[in-house]
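These notes concern the structure reproduced below.
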Amino acid sequence: MRSLFFIIIKCASSKSELETATTMMKRTDFVLHAFIKRRGNFFTNSFLLHSENPYSSFQLGLRFGPRKASIHSNVSSNRSVFEKITNMNDALNLFDEMLQRRPLPSVVKFNQLLTVVTKLKHFSCSLDLFKQMCSIGVPVDSCSMNIAINCCCQLSRTSDSFVVLGFCFRRAIAPDVCTFNTILNGLVLEDRIVEAEKLFKKLIKQKLCEPDVVMYSTMIKGLCKLGNNVTAVALLRLMEQKNCKPDIVTYSTIIDSLCKDKLIDDAFNLFKEMVFDKGAVPDVITYNSIICGLCKLGRRDEASKMLKEMEDANISPNVQTYSILVDAFCKEGKVEEAEAVINIMVKRGKVPDIVTYSSLIDGYCLRGEMINAKSTFDSLTLRGLVPNVVTYNSLLNGYCKNLNMEKAMTMFHEMSRKGLKPNVVTYNTMLQGFFRVGWCGAARKLFDEMHAQGQMPNECTFGIILEGLCNNHQVEEALSLFKLMSDSKLNSDIFVYTILIDGAGKSGKVDIARNLFHDLSDKGLQPNVRTYSVMISGFCRGGLLGDAKLLFLKMDESGCPPNNVTYCVLLQGYIKNEHYDDVETLLQEMDGKGYSLDASTVSMLLDQIAAKSLDRSMLTLIGKLVPEELIDDPSLFRLGDKLK
DNA sequence: CTAGGGTTAG
């Protein structure tokens, strides 16, 4: 019998055998840690001591003051004492008391406390307590180990799991299926899905444990994260074949992934299979995934129907369910409706959380209602809610979009003062704001700061910088930055190309734009509607209407038909270059396709009619192409008036 | 008795 436990215990006495065992797990860092440990100092050295965590201290008593008698009297009575703990002070006081009891409480009691601390998301602290339990002589078991390993994983330090594992091997604690599930989940959380897959296969091949429904579900989650729904479903079928019954979590994982990929019909099919064939009852999480999927597809009516369906099935919506709807309304600009949803949820006894309000704040920001956004933000404290990075980012985005960089900077500094670390989204938002108001120097300084703070720029960051440079008459700079990045994936990103083609075109460098456009096919990149529109706009601006028309015609051939924007761009090109004869044909084409004009194109057309460059008879056609929301537009109304 | 997998915001 080659059980992993047996091998590891054997290994502890010889380096080469330990290496054999660990190579089996392909974790060389594990070997390293295990041997540091044997020199007696690995534990303090390699365990996580996160300085930002106020609870991560050995001198807990000193820091948190006198103990509470109510907890002290109750340690061994029943589990209700653990249920009562809602904050870290109580948890740590209880831990201190437990340590002083003689005999020591059982490991189960300690595990219950670790569970509470972990549920409070104080992972470093939980690890710290585990560490103390070990050094004080509590006979930790596999359950304690699994909690500790889970804490490593939740801190995105899955590799440290192997440190804990190594430490526990020495105490004759063997990993079980739960341990492996936790580690696999950690790898999936860190997007190390290929490693997870290798470990999964190894566990099965070497019969180190029998995979259960949790393990399959974890692997399915990994496959979904890779965007591989097909393989995820294949694994679902495989587990059925192996007599492992998929449950509500397994199904919900795939259903959620399908929803996120907008494959709502496939999601519903799986949903039906789950309910009718497998008799599994969907729960609030399953419904939340579907409701969210429908909202993201703009099918909010159906989402509301699902909400009713779940209520009829006696599955009560939770805070998340309502938050999803709040967010959907806000994204449509319907903040009043979002507020109505919040009122309903409050009536039903659900307390809106920071996610709910962050969505609402974002909704106000999108509408440019910064006073409402800020007052909602300020009201959070009264509600006992603490704004987080996402909340701040929404507000910053609002100020930046409204070109109020002073306020944005104030809030940016406030978030740092409150101990929140700006992340890549924060920096991207601020950078974009600075470029918009033309503060290129400030942008540059912030980019340096971002680097100094250890925040890695992403594709979005570079897109923002290139666009910012282009819009601030620094196309040459953008181009040379682009060339500098020729090895990165940003150089093979169609969005970035589109930005540069647009920038080059707008600054009159049509040839550069054209060359960039031609580069696309060499790189195997497919231009999208935006890319074509931007190139056509560049041609028009340079007076190259022939090229513009040719490219416009090429779009259909390339399977990328022109949209509203493309038509408007070409129309404006015709007008600016006084090619009035082509205007009517284009308008008729638009009418045939059910397209509509945008505000600036309508006003240009009306101007030309007023100037008699275009015939009045075209007004009927134009009228048909003006979208409803523009009919009452005051600026157009005045223009239309002029014609009478 | 205690441990592992699925849902929401930028």
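Reminder, nothing fancy here: chain letters follow the sequence lines and each chain counts from 1.
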Determine: side-chain N/O of A:Lys221 to OP1/OP2 of B:dT7, distance under 4.0 Å, yes or no.
yes
Just compare B:dG6, B:dG10, B:dC1 and give me whichever is closest to any side-chain atom of A:Val108.
B:dC1
Report yes if the side chains of A:Asn288 and A:Asn318 come closer than 4.5 Å at any heavy-atom pair, otherwise no.
yes
Under 4.0 Å between any heavy atoms, over every strand shown, what does A:Ser359 touch: base, sugar-phosphate, or nothing? Just pick one.
sugar-phosphate
Side chain of A:Ser394 (C-beta onward), nearest among B:dT7, B:dG5, B:dG10:
B:dG10
As a test of reading the structure: which of B:dT8, B:dG6, B:dA3 is closest to the side chain of A:Thr253, going by heavy atoms?
B:dG6
For A:Val389, report the nucleic acid contact type (base, sugar-phosphate, nothing); a contact means any heavy atom under 4.0 Å.
base
Does A:Thr356 reach a base, just sugar-phosphate, or nothing at all? Heavy atoms under 4.0 Å.
nothing
Which listed nucleotide (B:dG10, B:dT2, B:dT7) is nearest to the side chain of A:Lys260?
B:dT7
Looking only at B:dG5, B:dG10, B:dT7, the nucleotide nearest the A:Ser289 side chain is B:dT7
Under 4.0 Å between a side-chain nitrogen and a carboxylate oxygen: does that hold for A:Glu195 and A:Arg192?
yes
Tell me what A:Val319 touches on the nucleic acid: a base, only sugar-phosphate, or nothing, going by heavy atoms under 4.0 Å.
nothing
Counting the atoms with a prime plus P, OP1 and OP2 as sugar-phosphate, which does A:Leu395 contact under 4.0 Å by heavy atoms, base, sugar-phosphate, or nothing?
nothing
Look at A:Glu302 together with A:Lys305 and state whether they make a salt bridge at an N to O cut-off of under 4.0 Å.
no
Protein-nucleotide distance (A:Glu332, atom CD; B:dA9, atom P), rounded to Å
15 Å
Round to the nearest Å and state the distance from A:Asn146 atom CG to B:dC1 atom C1'.
16 Å
Closest to the A:Asn393 side chain, choosing from B:dA9, B:dG10, B:dT7:
B:dG10
To the side chain of A:Gln154, which of B:dA3, B:dT8, B:dG5 is closest?
B:dG5
If I take atom CD1 in residue A:Ile361 and atom P in nucleotide B:dA9, what distance separates them, rounded to the nearest angstrom?
15 Å
Scan A:Val177 against the nucleic acid and name what it touches under 4.0 Å (heavy atoms): base, sugar-phosphate only, or nothing.
base
Nearest-Å distance for atom pair CE/P, residues A:Met219 and B:dG6
13 Å
Mark yes or no for a side-chain to base donor-acceptor pair under 3.5 Å between A:Thr286 and B:dG6, with no hydrogen or angle criteria applied.
yes
Taking the minimum atom-to-atom distance to the side chain of A:Asp283, which one of B:dT8, B:dG10, B:dG6 wins?
B:dG6
OP1 or OP2 of B:dA9 sitting under 4.0 Å from any side-chain N/O of A:Lys331?
no
What is the distance, rounded to the nearest whole Å, between atom OH of A:Tyr287 and atom P of B:dT7?
18 Å
Aromatic ring proximity A:Tyr287/A:Phe271, centre distance under 6.0 Å:
yes
Does A:Asn288 put a side-chain nitrogen or oxygen below 4.0 Å from OP1 or OP2 of B:dT8?
no
Among B:dA3, B:dT7, B:dG5, the one nearest any side-chain atom of A:Cys143 is B:dA3
Are A:Tyr357 and A:Phe377 an aromatic pair, judged by ring center distance below 6.0 Å?
no
Look at atom NZ of A:Lys407 and say whether more than 12 heavy atoms of other residues, nucleotides or ligands are closer to it than 6.0 Å.
no
Let's see if you can work this out: which of B:dG10, B:dG5, B:dT8 has an atom nearest to the side-chain heavy atoms of A:Asp362?
B:dG10
